Amino acid sequence: MLAKRPIPKVPPKSRLAVFKFSSCDGCQLSLLNLEEHLLELVDAVEVAYFLEARRRELPPPYDVGLVEGSISTPHEAQRIRQVRRDCRYLVAIGACASSGGIQALRNWADIGEFVGAVYPNPQYIRTLDTATPIAAHVFVDFELRGCPVNHAQLLELVSALLVGRRPNVPTSSLCLECKRRGLPCVLVTHGQPCLGPAVQAGCGALCPACNRGCYGCFGPMEQPNLNSLGDRFLELGASHRQIKHLLRMFNAYQEPFKQASDHHERLEQQK
Amino acid sequence: MSQTNASNQKYFLPRAGLEPLVRILRQRGYTVLAPTRRDEIISLAPVESADQIARGVHDHQDGGRYRLTQADPEIMFEYVLGADSPKRYLFPPELPLVELRVRGNRFVPTSQPPAIAQYAFLGIRACELAAIKVQDRVFGHAGQDTLCADAAEYYRRTRRQALVIAVNCTRPGGTCFCASMGTGPAATEGFDLSLTELRDGFLLTVGSQAGAALCAELEIRAPTSTEEGLAEMKLAAARSHMQRHLDTRGLKERLEQTIDDPNWERVAARCLSCGNCTMVCPTCFCFTVSDSSGLTDGVYGRTRRWESCFSHQFSYVAGSGPVRSTIAARYRHWLRHKLCTWWDQFGVSGCVGCGRCITWCPVGIDLTEEASRLGRHVPGAGVVPIPKAGGTKEALP
Ligand code: SF4
Ligand code: SF4
Ligand code: SF4
Ligand code: SF4
């Protein structure tokens, strides 16, 4: 007979921290928008640091750090290093944190000009020339894509980390989700450019469900073939300029989108 | 659906007889699934009345292109089904398999087995019947061995109580090649009743005891020889109007020799690896099973979902990483599974010639065209091997 084992002590709740860098707060809002699941979440974890939700700040270390936003100032580049040291798991959430976000469009332009145009006293502005994803600065354990992140994926992430299993976040194409839902393909039935065949699943095919093409807020999927998809868009009547703009949105600075948009920009200028 | 071809007795069912047919089926507890017009596609969906069945519409299909146009408002079935086939109902895209709760120090199953609907498929085509027969071999039916015992129970039970009223194709779709695959355009087996549409009604053929029993309640009469002749002519015309062909003579043997064919690289330059072809294929059976756990409720679940061999993650094998790392390797696996290795695995072709993978491919890759090119290069005259993995930047986990 087995010896009676002592009943293990209930482990202290995992400590969750949420950090904001250059971003619009939409992904943090997605957390607050979890509605009935929000109560479950605060039951399941100790919300130790989440300035958008509560004033109380508990000191590090944290078990899970969710990071929203990209790195666009010297101060942020410093702070993310400390955040990394403070968190056991660091998860970049959303397009800004995983690709640089909309603000990464500055990476193709002269930041000095923007600052001069926007601020009356540009000499007080301390900013970097580029906006870059978290993973360009520190090691990231996991990324959740999307602008904003998807509720179900957020819950899946936290639930998985709590029990120590791998989050079930597919990296395959949006088309798989679209077809599982039985939606009419907007590309095939309307000839609309849809980035779905090159974009990572996760949103549940929101845009095709509203009869419009996917504009890629979940970023490139595993091994996207943007050459072929771009050729198809051209056949459907899109211009190089339109294709460039489609790719240079939320995830413009993700390498496959960046390369493809540069390619269409070159062809646009050759014309 | 009964396996026996009871009588092949023929009748004439007037147009007005379709409504009572739907009513009788519903009275007998069937969910009637028929082609309906949904947005811009013909989609197989539950109907409560024959009025909801799509009519007066033609489909125009080509590689990566699908459009509907208005046609003679009286005529019902001059289109083929859109992206969805009966697969969606027999092998649903998402199926919860089990739910467990923690009670004390053990898991207790708390879910009921999923409810099994009684489906009557009305208006599905010969290729779809052939595809059902193919999936029967995968998931098991009528005593056949199964590939995946537990998950297949849903398939077997749904399948056993389904009723099939097929429609013969008088106007094949633009990407169909069922005549080449020997599966259409007319249904020869696997149905309870079949209909061939004529101007004022349908030539009805009985295919099973259950079909014969249904006939007893329908307003039917014996067909005239003109009606029978007309139906024959329409089907012969459909056969000769088929716009795509695949020469199947020696095809399997030819494809066996294509591991290093340079054409895989050529098609991989176009293929997006998006998986649309496998989602819409009525015989593709791949799925993934994933577990979930609630945050605090102590509920754990397991769900089955359609998956695709075009998904890189899906070819990931513990200990060795992805076994098909390039798009060329994945396209090769797909085409050869459909037309070659399916024979070794199940003793039939994995392709029934429905043309869906051609229409719903965003870049219009045509399986018939690719298959006819393969294995025709001269050996020794510059074979391009499929490149090894590596160099591709992958997304985080
Ligand atoms: S609508 Fe877009 S995401 Fe959906 S199947 Fe078509 S291409 Fe893919
Ligand atoms: S491989 Fe293509 S044509 Fe053949 S059955 Fe599948 S979808 Fe239809
Ligand atoms: S072709 Fe691919 S998705 Fe279809 S059954 Fe074969 S391996 Fe599965
Ligand atoms: S053949 Fe077409 S539908 Fe299939 S994965 Fe390639 S691009 Fe997608």
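Sequence lines set the chain letters: A, B, ... in the order given, protein chains first and strands last, and positions in each chain run from 1. Quantities reported herein were computed from a predicted structural model and do not represent experimental measurements.
- For A:Leu183, the parts lying near chain B are the backbone and the side chain together; criterion is any non-hydrogen pair under 4.5 Å.
- By number of non-hydrogen pairs under 4.5 angstrom with chain B, the leading residue of A:Val188, A:Val199, A:Asn225 is A:Val188.
- If you measure heavy-atom distances from A:Leu229 to chain B, the contacts under 4.5 Å come from both the backbone and the side chain.
- Within the 4.5 angstrom heavy-atom criterion, atoms from both the backbone and the side chain of B:Leu295 approach chain A.
- When each of A:Arg181, A:Glu235, A:Lys179 is checked for heavy-atom pairs under 4.5 Å with chain B, A:Lys179 comes out on top.
- Judged purely by distance below 3.5 Å, without hydrogens or angles, the side chains of B:Ser293 and A:Arg165 pair a donor atom with an acceptor atom.
- Only the side chain of B:Arg67 comes within less than 4.5 Å of a heavy atom in chain A; its backbone stays farther off.
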**Test log, rule side-chain contact (heavy atoms from CB on, under 4.5 Å), inputs A:Phe142 and A:Tyr89** = CA-CA 8 Å; A:Phe142 203 77; A:Tyr89 289 113; over 6 Å; no
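- Heavy atoms closer than 4.5 Å to chain B are found nowhere in A:Pro167, neither backbone nor side chain.
- Within residues 149-158 of chain A, the residues having any heavy atom closer than 4.5 Å to a heavy atom of chain B are A:Leu155, A:Val158, listed by residue number.
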Distance-only donor-acceptor pairs under 3.5 Å for side chains of residues 31-47 of chain A, two or more places apart:
from: A:His37; atom 1: ND1; to: A:Glu40; atom 2: OE2; distance (Å): 3.2
from: A:Glu46; atom 1: OE2; to: A:Arg56; atom 2: NH2; distance (Å): 3.4

**Test side-chain contact (heavy atoms from CB on, under 4.5 Å) applied to A:Phe233 and A:Leu195, step by step** = CA-CA 10 Å; A:Phe233 291 172; A:Leu195 280 178; 3.9 Å; yes
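- One side chain, A:Glu222 or A:Thr171, offers a donor N or O that lies under 3.5 Å from an acceptor on the other.
- Ranked by non-hydrogen atom pairs under 4.5 Å with chain B, the options A:Pro197, A:Ser98, A:Gly196 are led by A:Pro197.
- Per-residue heavy-atom pair counts under 4.5 Å with chain A were compared for B:Arg88, B:Arg270, B:Arg65, and the maximum is reached by B:Arg88.
- Within the structure, ring-ring contact (aromatic ring centres under 6.0 Å, His included) contacts touching residues 158-216 of chain A (residues at least two apart or in different chains) are A:Tyr215-A:Phe250.
- Within 6.0 Å of CZ in B:Arg302 there are 12 or fewer heavy atoms belonging to other residues, nucleotides or ligands.
- Counting only N and O atoms by type, the side chains of A:Thr132 and A:His137 include a donor and acceptor under 3.5 Å apart.
- With a threshold of 4.5 angstrom between heavy atoms, B:Asp62 does not approach chain A through any atom at all.
- Under the side-chain contact (heavy atoms from CB on, under 4.5 Å) rule, A:Arg84 has a single partner from A:Asp141, A:Val67, A:Ile134, A:Val140, which is A:Asp141.
- For B:Arg244 and B:Asp366, the salt-bridge test passes: some basic side-chain N is under 4.0 Å from an acidic carboxylate O.
- Taking the salt bridge (Lys or Arg N to Asp or Glu O under 4.0 Å) definition, one finds that B:Arg266 meets it with B:Glu370, sequence neighbours left out.
- Of all the listed residues (B:Ser308, B:Ser290, B:Pro362, B:Pro93), the one sharing the greatest number of non-hydrogen pairs under 4.5 Å with chain A is B:Pro362.
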